[in-house]
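A quick write-up on the structure given underneath.
Because only heavy atoms are used, hydrogens play no part in the values below, and waters and symmetry mates are left out as well, while side chains stay in. Order of the sequence lines sets the chain letters (A, B, ...), proteins ahead of strands, with each chain counted from 1. All values reported here derive from a predicted model rather than from experimental measurement.
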Protein chains: 2
Amino acid sequence: MRTRPLKVALLGCGVVGSEVARIMTTQAADLAARIGAPVELAGIAVRRPDRVRQGVPAELITTDATALVKRGDIDVVIEVVGGIEPARTLITTAFEHGAGVVSANKALLAADGATLHAKAAEHGVDLYYEAAVAGAIPLIRPLRESLAGDKVNRVLGIVNGTTNFILDRMDATGAGYSEALDEATALGYAEADPTADVEGFDAAAKAAILAGIAFHTRVTIDDVHREGLTEVTAADIASARRMGCTVKLLAICERSADGNSVTARVHPAMIPLSHPLASVREAYNAVFVEAEAAGRLMFYGPGAGGAPTASAVLGDLVAACRNRLAGTRGVGDSAYTQLPVSPMGEVVTRYHISLDVADKPGVLAQVATIFAEHEVSIDTVRQQGRESEEGGDEAASGKGAGRRAGASLVVVTHRAPDAALSATVEALRKLDTVRGVASIMRVEGE
Amino acid sequence: MRTRPLKVALLGCGVVGSEVARIMTTQAADLAARIGAPVELAGIAVRRPDRVRQGVPAELITTDATALVKRGDIDVVIEVVGGIEPARTLITTAFEHGAGVVSANKALLAADGATLHAKAAEHGVDLYYEAAVAGAIPLIRPLRESLAGDKVNRVLGIVNGTTNFILDRMDATGAGYSEALDEATALGYAEADPTADVEGFDAAAKAAILAGIAFHTRVTIDDVHREGLTEVTAADIASARRMGCTVKLLAICERSADGNSVTARVHPAMIPLSHPLASVREAYNAVFVEAEAAGRLMFYGPGAGGAPTASAVLGDLVAACRNRLAGTRGVGDSAYTQLPVSPMGEVVTRYHISLDVADKPGVLAQVATIFAEHEVSIDTVRQQGRESEEGGDEAASGKGAGRRAGASLVVVTHRAPDAALSATVEALRKLDTVRGVASIMRVEGE
């Protein structure tokens, strides 16, 4: 084994960074044996030195991240700062000074991965980012390397723990969204500002990264159709149950049927209880990959947290260090297919639509005609008088047939393009007999 | 991209080999783009040319495998022949002639992986074998690379599809072992001679490979404690149900509590229905990995079959070819910990024991004393008069209290060393009041 250590610069020392520093110290002998040379933490850049956690070597702390990555003797830079800047400039500077980079930065990779990959290639160094998607779950490497001889057609997964926790609580307790969010916040599963999670930005960044790797093309977060879960109601969850489904916030990347384009989207969807993703509880993540030869694979585990994310970072660190010693670099970017990303309107899937309608004869026929006109084929319809749902007997109670004589109509469609469905819903809203569209949810995983 | 193709020799052209040849032809452009150079099938060695499947290029077929690997212009040899010889000699010859090897040969890797790894290293070439364990499921690469910065403490999995299919049918239909095996054979899930699967040899080979990689030590199939599923009865499955469990044939690799040794074993075990492995149906495989930082990860997918196994082979082929172009080799063997493999007697787990006992006062006290003497702590005991189980009323029916006055006693223990449990059972068998030990099964996954 080489005795001169490889030098590592750590940018960021929060929940993940401090765990990386801890493991690099406590598991130093194992890391050295696996790499073939010792690794040494050469410096830790932080914004607020007063906030550095116990156990992190104080003598390594600096507030000058730029000087650290410019030192010239750094072999690998670990970036766990997050956000676009200064992370992007620091990573680029690291490449320019000959260092490989291990990053957990999904936002940056999803926004501008192509530029970073090109820079890394230009300087002949590595860019690894297993930790950017689904924490400790090996996903980037299996997609990029294990499935390199296969053709991936679909990636379908739960890649955000916060939203899965919220939906799991809603499903388990019947709670509404706000109540479940409050519980998630109290238990530390949601941040004080939960926007990135509940509006689907976090999942969309991961979807962009996964789609790019799975289909060997370029996908940025702007290409990803995104709907959060803030509109999901307890009634939606109850409807899902009646269909033998549950509701999950899914990231879905698909190759089109003709193979000439791809789509990437994040939205709440109903999936059958029999689907393995339905039983992913609490803040766990799980990703299904469908490949032509391999069939259906699933990867499951903790999608966030200091230690799990540190595990992914350190796996990448070992790879980057091994490459360094071998004088080579790992598998780089692969976007040779240049497949375009189609808009959401071209996505083909199934829909569950709840309508509030007038309780009069002919309504179903009107509604069915609208679906037919837009070539959206109906699978099942369930019609329910709203009063009777509440246990009352309209005639006996003497209620009039005025505004209260409503009913609900639940339509589940066959597979149809999203644009056709949107046009259908627009037309339905214009019907006098349709008082409102209570919910529209896609049905996946069948 | 380099235009001179990399040359590949394929040894074996059965279910997996013909699928490899097919994909190499149909996906040639994708493989070339991902590798950075075209790959060309230079020859296919088979034992029986008359049996070669349609679609396999006839002009490439040869019966002289040795001459093929000795050609000198082969970059990578794919070995999907199986068995110890001639596979071992062919692989070694390939190394000596400068070729990297991709193998799906679990038996050979589990018997003599160390020698092969040493040979590959000596000649500076690759040895990849993702397809040897759990078909298409990426497992070797995640363990070896993604978790290279973590400490794996446990690998627990269903790695044989045939036995999982049999147990799944027994569980679903109440069928006995023979009946379920017949169904598996009829549906093509079991081979005409099912010994390697049902006696656990196949799973034991995979356990040896996984344990070696997970713990960075040497484990061969001879180190693996092995029990098949031929003794599992419908009554065992019913008992498991009563405990909220199901029965699976598990491969379990563990680091000991003190970290100074490891164990590897294959046997049927009860696992709680709430455990994710309990819901692995039919011939699917799934492997749980518990690592210190990563937590609990699960990998799931088809564990066998031509196309899934070919997917794993081709992923390895892409890696070996990329390394070839880069003039490097991938991650080699890692056995630096040299942790010894402890015998089964030192494995600590829980047990479910069914005893046929005399239906007289004091039996439970006698049995409990034996457990206490061997320091095996009892969790729960369920005592049941056998006659009453059959719905009869002994007194009323006038039956005597002779040989038929039996009862069953089901004991579930706390965690105890396997040796202590074996000694307990030996002592129980000597009790006059114990007429027989109906079954002993370990309880895992809690």
Study note, to complete from the structure: Looking only at A:Gly330, A:Ala136, A:Gly301, A:Ala293, most heavy-atom pairs under 4.5 Å shared with chain B are made by A:Ala293

Exercise for review: Look at the rings of B:Phe288 and A:Tyr300 and say which category their plane angle falls in: under 30° parallel, 30 to 60° tilted, over 60° perpendicular.
Suggested key: tilted

Review point. Knowing that exactly one of A:Leu143, A:Val289, A:Leu297 qualifies, which makes a side-chain contact (heavy atoms from CB on, under 4.5 Å) with B:Pro138?
Key: A:Leu297

Check your understanding: Rounded to the nearest 0.5 Å, how far apart are OG1 of B:Thr328 and CG of A:Asn323?
Key -> 7.5 Å

Exercise for review: Please flag which part of A:Tyr336 lies under 4.5 Å from any non-hydrogen atom of chain B: side chain, backbone, both or neither.
Suggested key: side chain

Study note, to complete from the structure: Under 4.5 Å to a heavy atom of chain B? For A:Arg329 that would be neither

Check your understanding: Could you state the interatomic distance from CZ (B:Arg34) to NE2 (A:His216), rounded to the nearest 0.5 Å?
Key -> 3.5 Å

Practice item. Flag the one option from B:Leu139, B:Asp30, B:Val313, B:Leu317 with the top tally of heavy-atom pairs under 4.5 Å to chain A. Key: B:Asp30

Practice item. Pick one of side chain, backbone, both or neither for A:Ile137, based on which atoms fall under 4.5 Å of a heavy atom in chain B. Key: both

Practice item. With a 4.5 Å cut-off on heavy-atom pairs, point out which of A:Gly305, A:Ser146, A:Gly315 contacts chain B the most. Key: A:Ser146

Point to revise | Those residues of residues 277-287 of chain B, ordered by number, that approach chain A below 4.5 Å (heavy atom to heavy atom) | key: B:Tyr284

**Study point:** Interchain contact, A:Glu145 with chain B, by part (heavy-atom threshold 4.5 Å)
**Key:** both

Exercise for review: Would you mind telling me which of B:Ile35, B:Leu31, B:Val331 has the largest number of heavy-atom pairs within less than 4.5 Å of chain A?
Suggested key: B:Val331

Practice item. Give, as side chain, backbone, both or neither, the part of A:Glu292 having an atom under 4.5 angstrom from any heavy atom of chain B. Key: side chain

**Study point:** Contacting region of A:Leu147 [heavy-atom separation from chain B under 4.5 Å]
**Key:** both

Review point. Which pair of non-hydrogen atoms, one from A:Arg144 and one from B:Arg322, has the smallest distance, and what is that distance?
Key: O-NH1, 3.8 Å

